[in-house]
Engineer: 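Below you will find the structure I want to go over with you.
Just so it is clear: chains get the letters A, B, ... in the order the sequence lines come, proteins before strands, and each one is counted from 1. Only this structure's heavy atoms are used, side chains among them; waters, hydrogens and symmetry mates stay out.
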Number of protein chains: 2
Amino acid sequence: MATGRTHRPATRSRGIPEATVARLPLYLRALTALSERSVPTVSSEELAAAAGVNSAKLRKDFSYLGSYGTRGVGYDVEYLVYQISRELGLTQDWPVVIVGIGNLGAALANYGGFASRGFRVAALIDADPAMAGKPVAGIPVQHSDDLEKIIQDNGVSIGVIATPAGAAQAVCDRLVAAGVTSILNFAPTVLSVPDGVDVRKVDLSIELQILAFHEQRKAGEEAASDGGVPTAAARGESADQGPDGDMPAVMPA
Amino acid sequence: MATGRTHRPATRSRGIPEATVARLPLYLRALTALSERSVPTVSSEELAAAAGVNSAKLRKDFSYLGSYGTRGVGYDVEYLVYQISRELGLTQDWPVVIVGIGNLGAALANYGGFASRGFRVAALIDADPAMAGKPVAGIPVQHSDDLEKIIQDNGVSIGVIATPAGAAQAVCDRLVAAGVTSILNFAPTVLSVPDGVDVRKVDLSIELQILAFHEQRKAGEEAASDGGVPTAAARGESADQGPDGDMPAVMPA
DNA sequence: CAGTGTGAAATCTTTCACAGCG
DNA sequence: CGCTGTGAAAGATTTCACACTG
């Protein structure tokens, strides 16, 4: 399993680098906040600070989208919100199904960040018959027997898998067979999918392990430096946020 | 806000590239599965397939750790599990606190992937007095008034924030003041922290937006290419998985 | 003259391809 | 002989620094 291919030819979708695409949602969130405060324009410096990146990177990112700023002034907030939304495809409606309605699935169903973007939770699906009919976040849970029909009736192309690891691949196969071409996977498994299907993975324990690695490193350096003071701020590591260190890892077709 | 600094000195902790560190947990998971099936050795090709990466990358990654393989044979599973665990700092116990026990916090508390690695949920903290004392995943929820004491009594250095966005920065500040130096943030906000503190972010809506971008692109290309054959393999790309890039994403109640 | 847009340089990451070891 | 380990090439991303414009 695992896709057979050897590597990926740098799927730079249009001309926009993956790294840039991964940051657009970040900018969009910061811009939305500014928009709500009725701020009319921002400079690259200000917006970069709000998004947690540096300004050179931000300007470079925007340069892939076009020239949407005004020299000497900055960017028009509303205009930029629109341009980025369009670029990300958020001006259209994306019906999404969530499969696996445990604590995590319920948390996802309740997450407000969907509707506010172009996402709509079209259905919640679970394999437990006892869940069927129960409303979660105001949406009745449906049984997985009807998965294919639900996907087709709602024209769903994005699926979220929040099942236990053991069920993930089977659910994935059914979603793909039913027409889903993008999957967000929360199960701790490597999913195998045909070409043309995108998978992104979110893995809680992996994130913690990466933190542990750096944490361990800090402890070591501390000891190495001076005597005690386990106070933080020991070494100048700084903190970047966001998709930093590692990188994206998924790809399109 | 947003951390003041301009960027981050490429925290290549020892000699291990960030991109490699981000993949070690992936290898570890695959190796653990092999170990459970009592498989004694694996080749880079097999392990790479199981982890969803290509073998050249895997070999290069391992080369940063040392020469743990045997030419002509492969890698000893148990030995590699140990080496990677040690490198990631998982041979020691990491007490973790989760702040914000909504659906997401509960999902995290119940997540089995923690205990199996070196993580131990030392405490669950919530601001709602009504939650206090209630057991979640067998652990009684404590009120946030006692946050500092809990951190100190348990020697916690890693904190997980699963609160609503509005509360995240305040919680973060208290965690840091109490001695936490690594934070996993599920709230959709850019946290501002002093140097020396690591923050990793997981944001569900960002992941979906990235998928939407590629999904939109697919729709366009399909129409553009030829008439039919929506069979995969259209464009030659494949699906890589893993922490890719940036990462992550989820949200709170 | 403040602040964008962008070539060019510096870095980091991935991939190739093969020498060499068990 | 098979498979690891790794220089070197190729590619992607980030950062610099400054010309240029509103």
Side-chain angles (χ1 to χ4, degrees), chain A residues 5-24 27 41-49 51-77 79-80 83 238 240 242-251, chain B residues 5-13 15-24 26-27 41-49 51-77 79-80 83 237-238 240 242-246:
Chain A
R5 115 270 117 249
T6 305
H7 65 298
R8 175 256 322 248
T11 305
R12 271 275 293 281
S13 292
R14 182 165 78 227
I16 307 182
E18 265 303 303
T20 294
V21 171
R23 280 186 297 265
L24 292 181
Y27 301 144
T41 60
V42 254
S43 66
S44 61
E45 201 68 58
E46 295 164 328
L47 183 54
V53 304
N54 75 30
S55 64
K57 196 186 291 186
L58 177 144
R59 286 200 304 279
K60 185 62 118 181
D61 283 342
F62 286 177
S63 79
Y64 292 115
L65 308 183
S67 285
Y68 296 149
T70 305
R71 295 176 191 234
V73 179
Y75 302 90
D76 180 275
V77 173
Y79 186 56
L80 205 44
Q83 290 300 342
S238 99
D240 224 332
D244 60 287
D246 36 356
M247 261 299 81
V250 177
M251 355 185 353
Chain B
R5 119 267 111 240
T6 305
H7 64 295
R8 178 261 314 259
T11 309
R12 270 276 292 282
S13 295
I16 307 181
E18 266 303 303
T20 294
V21 171
R23 280 186 297 265
L24 292 180
L26 230 50
Y27 301 144
T41 60
V42 254
S43 67
S44 61
E45 201 69 58
E46 296 164 327
L47 183 54
V53 303
N54 75 30
S55 64
K57 197 187 290 187
L58 177 144
R59 287 200 303 281
K60 184 61 117 180
D61 283 342
F62 286 178
S63 79
Y64 293 114
L65 307 184
S67 285
Y68 295 149
T70 305
R71 294 172 192 238
V73 180
Y75 302 90
D76 180 275
V77 173
Y79 185 55
L80 205 44
Q83 290 300 342
E237 236 5 70
S238 75
D240 228 332
D244 21 358
D246 26 310

Engineer: Separation of A:Asp76 atom CG from C:dT4 atom P, in whole Å?
Structural biologist: 13 Å
Engineer: Please give, in whole Å, the distance from D:dT4 P to B:Leu65 CG?
Structural biologist: 15 Å
Engineer: If I take atom CD in residue B:Glu18 and atom C1' in nucleotide D:dT14, what distance separates them, rounded to the nearest angstrom?
Structural biologist: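 After rounding, the gap between these two atoms is 15 Å.
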Engineer: Show me the protein contacts with nucleotides 20-22 of chain D, counting only N or O atoms at under 3.5 Å.
Structural biologist:
| from | atom 1 | to | atom 2 | distance (Å) |
| --- | --- | --- | --- | --- |
| D:dC20 | O2 | A:Arg71 | NH1 | 3.2 |

Engineer: Using whole Å, report how far CG of B:Asn54 lies from P of D:dT6.
Structural biologist: 17 Å
Engineer: Do A:Tyr27 and A:Val53 have side chains that approach each other closer than 4.5 Å (heavy atoms only, starting at C-beta)?
Structural biologist: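 Yes, side chains in contact.
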Engineer: Quick one: which protein N/O atoms are closer than 3.5 Å to N/O atoms of nucleotides 7-10 of chain D? Pair and distance per line, please.
Structural biologist:
| from | atom 1 | to | atom 2 | distance (Å) |
| --- | --- | --- | --- | --- |
| D:dG7 | N7 | B:Lys60 | NZ | 3.3 |

Engineer: Just the rounded figure in Å: distance from C1' of C:dT6 to CG of A:Leu58.
Structural biologist: 14 Å
Engineer: Grab the OH-P distance between B:Tyr75 and D:dC3 for me, whole Å please.
Structural biologist: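 In whole Å, D:dC3 P and B:Tyr75 OH are 12 Å from each other.
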Engineer: Return no unless some side-chain N or O of B:Ser44 is found under 4.0 Å from OP1 or OP2 of D:dT4.
Structural biologist: yes
Engineer: As an exercise, state the distance from CG of B:Asp61 to OG of B:Ser44, rounded to the nearest 0.5 Å.
Structural biologist: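 Atom-to-atom, B:Asp61:CG and B:Ser44:OG are 11.5 Å apart.
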Engineer: Measure from CZ on A:Arg59 to C1' on C:dG3 and round the result to the nearest Å.
Structural biologist: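 From A:Arg59 CZ to C:dG3 C1': 7 Å.
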Engineer: Of all the nucleotides listed (C:dT4, C:dG5, D:dT6), which has the minimum atom distance to the side chain of A:Ser43?
Structural biologist: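 The closest nucleotide is C:dT4.
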Engineer: Working to the nearest 0.5 Å, report the span between CD of B:Glu45 and CZ of B:Arg59.
Structural biologist: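 Going from the CD atom of B:Glu45 to the CZ atom of B:Arg59 covers 7.5 Å.
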Engineer: Quick one: OG1 on B:Thr20 to CZ on B:Arg23, what's the gap to the nearest 0.5 Å?
Structural biologist: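 The CZ atom of B:Arg23 is 5.0 Å from OG1 of B:Thr20, to the nearest 0.5 Å.
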Engineer: Hey, does A:Leu80 have a side-chain heavy atom less than 4.5 Å from the side chain of A:Leu47?
Structural biologist: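 A side-chain contact exists here, since the closest heavy-atom pair is under 4.5 Å.
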Engineer: Walk me through it: do A:Tyr68 and A:Phe62 pass the test ring pair (Phe, Tyr, Trp, His ring centres under 6.0 Å)?
Structural biologist: CA-CA 8 Å; A:Tyr68 296 149; A:Phe62 286 177; 8.2 Å; no
Engineer: Can you tell me the distance, in whole Å, between the CD atom of B:Glu46 and the C1' atom of D:dG2?
Structural biologist: 12 Å
Engineer: Going by heavy atoms in the side chains, are B:Tyr75 and B:Thr70 under 4.5 Å from each other?
Structural biologist: no
Engineer: Just how far is it from atom CD1 of A:Ile16 to atom OH of A:Tyr64, taken to the nearest 0.5 Å?
Structural biologist: 10.0 Å
Engineer: Taking side chain as C-beta onward, heavy atoms only, is A:Leu65 less than 4.5 Å from A:Gln83?
Structural biologist: no
Engineer: Taking for each residue the nucleotide of DNA chain D with the nearest heavy atom, is it B:Glu45 or A:Ala56 whose nucleotide lies nearer the 5' end?
Structural biologist: B:Glu45
Engineer: For B:Phe62, which contact category applies under a 4.0 Å heavy-atom criterion: base, sugar-phosphate, or nothing?
Structural biologist: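 If one applies the 4.0 Å heavy-atom cut-off, B:Phe62 turns out to touch nothing in the nucleic acid.
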